[in-house]
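If you're wondering where the values come from, they're calculated on a predicted model, not measured in any experiment. One is the number of the first residue; the rest follow in order along the sequence.
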Amino acid sequence: MRNMSILLILSMLMVSCKNPQSMDNQNFKAEKISKTETILLMGSIQNVFPLFGAFEERKWAEGWNPTLIYPTTEILEEGTTFKTKAHRHDETEFLWRITKYQPETHLIQYLVSTPNRYWTITVICKPLTADKTTAQITYTFIGLNDTGNTINKQALEKMYEQNLKDWEESINFYLHHGEMKTH
């Protein structure tokens with residue numbers, strides 16, 4: 001699986017090298033930015049951790065609709081690959097791949113990419129009590145060109161403008177009501 005991850009990253013870098021913007025800028029310097037937040041969820045870890053899976057997220061995240069690429073069924077494993085529509089007009093879709101999946105330690109990590117940038121999303125859940133769980137969520141962005149660096153700063157700011165309390169509220173609503181909170 002690690003070889004597949006390396007091949008995916010290398011192919012993303014090759015695509016970025018074909019991007020005219022990255023070739024024109026001899027002085028380009030990739031920037032890495034990261035932010036972590038911990039949220040409190042009112043459910044057992046057995047009920048909470050699966051909600052961070054690519055397909056279970058549909059239960060609490062409005063508009064979440066991944067298109068499966070690999071494997072042919074919606075299972076979570078290292079290597080599961082899917083795409084989603086992008087949220088920006090200058091990016092049309094995001095390519096996602098599960099790079100770490102350790103259900104025994106309640107850890108999942110995604111690698112997401114576009115021609116301008118890539119990032120990881122790492123979620124680690126820990127039981128606080130029998131019916132309370134914390135989820136530590138880290139986004140780490142790396143730009144593949146100047147445009148990517150700029151988009152990453154905007155994306156990180158937007159993602160954490162509420163310190164993920166919007167996630168906390170949506171997941172807790174689902175855990176309490178069994179349905180998605182509509183906005």
State which residues pass ring pair (Phe, Tyr, Trp, His ring centres under 6.0 Å) with Tyr110; sequence neighbours excluded, sorted by chain then number.
Trp96
If you compare all heavy atoms of Thr138 against all heavy atoms of Ser34, which two are closest, and at what distance to 0.1 Å?
CG2-OG, 3.6 Å
If I take atom CG from residue Asp146 and atom CD from residue Glu31, how far apart are they, to the nearest 0.5 angstrom?
8.0 Å
If we only count heavy atoms from C-beta on, is the Ile98 to Glu77 side-chain gap below 4.5 Å?
no
Within the 4.5 Å heavy-atom criterion, are Leu76 and Phe55 side-chain neighbours or not?
yes
Search all heavy atoms of Glu56 against all heavy atoms of Leu51 and return the closest pair with its distance.
CB-CA, 4.0 Å
Under 4.5 Å side-chain linkage, directly or through intermediates, the cluster mates of Phe173:
none
hydrophobic_cluster_shared for Leu95 and Ile151, side chain cutoff 4.5 Å:
no
Before giving the answer on side-chain contact (heavy atoms from CB on, under 4.5 Å), spell out for Tyr70 and Arg97 the whole-Å C-alpha distance, their side-chain angles and the decisive distance to 0.1 Å.
CA-CA 9 Å; Tyr70 174 85; Arg97 185 169 191 276; over 6 Å; no
Interatomic spacing from CG in Leu164 to CD in Glu161 - rounded to 0.5 Å
10.5 Å
Beyond-backbone contact of Lys126 with Ile124, side-chain heavy atoms, under 4.5 angstrom:
yes
Is the closest side-chain heavy-atom distance between Asn172 and Leu41 below 4.5 Å?
yes
Can you tell me how far apart CD (Glu179) and NZ (Lys59) are? Round to the nearest 0.5 Å.
13.0 Å
Given the rule that I, L, V, M, F, W and Y join up when any side-chain heavy atoms are under 4.5 Å apart, are Phe49 and Trp64 in one cluster?
yes
If we only count heavy atoms from C-beta on, is the Glu78 to Tyr101 side-chain gap below 4.5 Å?
yes
Hydrophobic cluster of Met180, others only, ordered by chain and residue number, side-chain cut-off 4.5 Å
none
Would you give the length of the straight line joining atom OG1 of Thr36 to atom OH of Tyr139, rounded to the nearest 0.5 angstrom?
11.5 Å
Can you list everything that forms a side chain to side chain donor-acceptor pair (under 3.5 Å) with Thr73? Sequence neighbours excluded, please.
none
Test of understanding: with salt bridge (charged side-chain N to carboxylate O under 4.0 Å, His left out), list the residues that count as partners of Lys132, not counting sequence neighbours.
none
The salt bridge (charged side-chain N to carboxylate O under 4.0 Å, His left out) partners of Lys165 (sequence neighbours excluded) come to Glu168
Compare every heavy atom of Ala135 with every heavy atom of Cys125, then report the nearest pair and how far apart it is.
SG-CB, 4.0 Å
Where Pro71 and Thr80 come nearest, the two heavy atoms and their spacing:
CD-OG1, 3.8 Å
Which residues share a side chain to side chain donor-acceptor pair (under 3.5 Å) with Gln154, sequence neighbours left out:
Arg88
Which residues satisfy the side-chain contact (heavy atoms from CB on, under 4.5 Å) test with Gln162, sequence neighbours excluded?
Asp166
In chain order, what residues pass the side chain to side chain donor-acceptor pair (under 3.5 Å) check against Thr92, with sequence neighbours excluded?
none
Inter-residue atom distance Gln136.CD - Ile39.CD1, 0.5 Å rounding
11.0 Å
Gln102: side-chain contact (heavy atoms from CB on, under 4.5 Å) partners, not counting sequence neighbours
Glu104, Thr105, Leu107
Can you confirm whether Leu144 sits close enough to Pro115 that some side-chain heavy atom of one is under 4.5 Å from a side-chain heavy atom of the other?
no
Exactly one candidate in Asp90, Asn145, Thr147, Asn152 meets side-chain hydrogen bond (donor to acceptor under 3.5 Å, both in side chains) with Asn116; the answer is Asn145
Between Thr133 and Ile45, is there a donor-acceptor pair closer than 3.5 Å when you use the side chain of the first and the backbone of the second?
yes
Is there a side-chain contact between Trp167 and Met159, using heavy atoms and a 4.5 Å cut-off?
yes
Linked hydrophobic residues, Met42 as query - side chain contacts closer than 4.5 Å:
Leu40, Leu128
Set of residues satisfying salt bridge (charged side-chain N to carboxylate O under 4.0 Å, His left out) with respect to Glu91, sequence neighbours excluded
Arg117
Under 3.5 Å, side chain of Thr140 to main-chain N/O of Thr120, donor-acceptor pair present?
no
Check the orientation of Phe52 and Trp60. Use parallel for under 30°, tilted for 30 to 60°, and perpendicular for over 60°.
perpendicular
Does the side chain of Phe82 reach to within under 4.5 Å of the side chain of Thr67, using non-hydrogen atoms?
no
Do Ser44 side-chain atoms and Asp131 backbone N/O form a donor-acceptor pair below 3.5 Å?
no
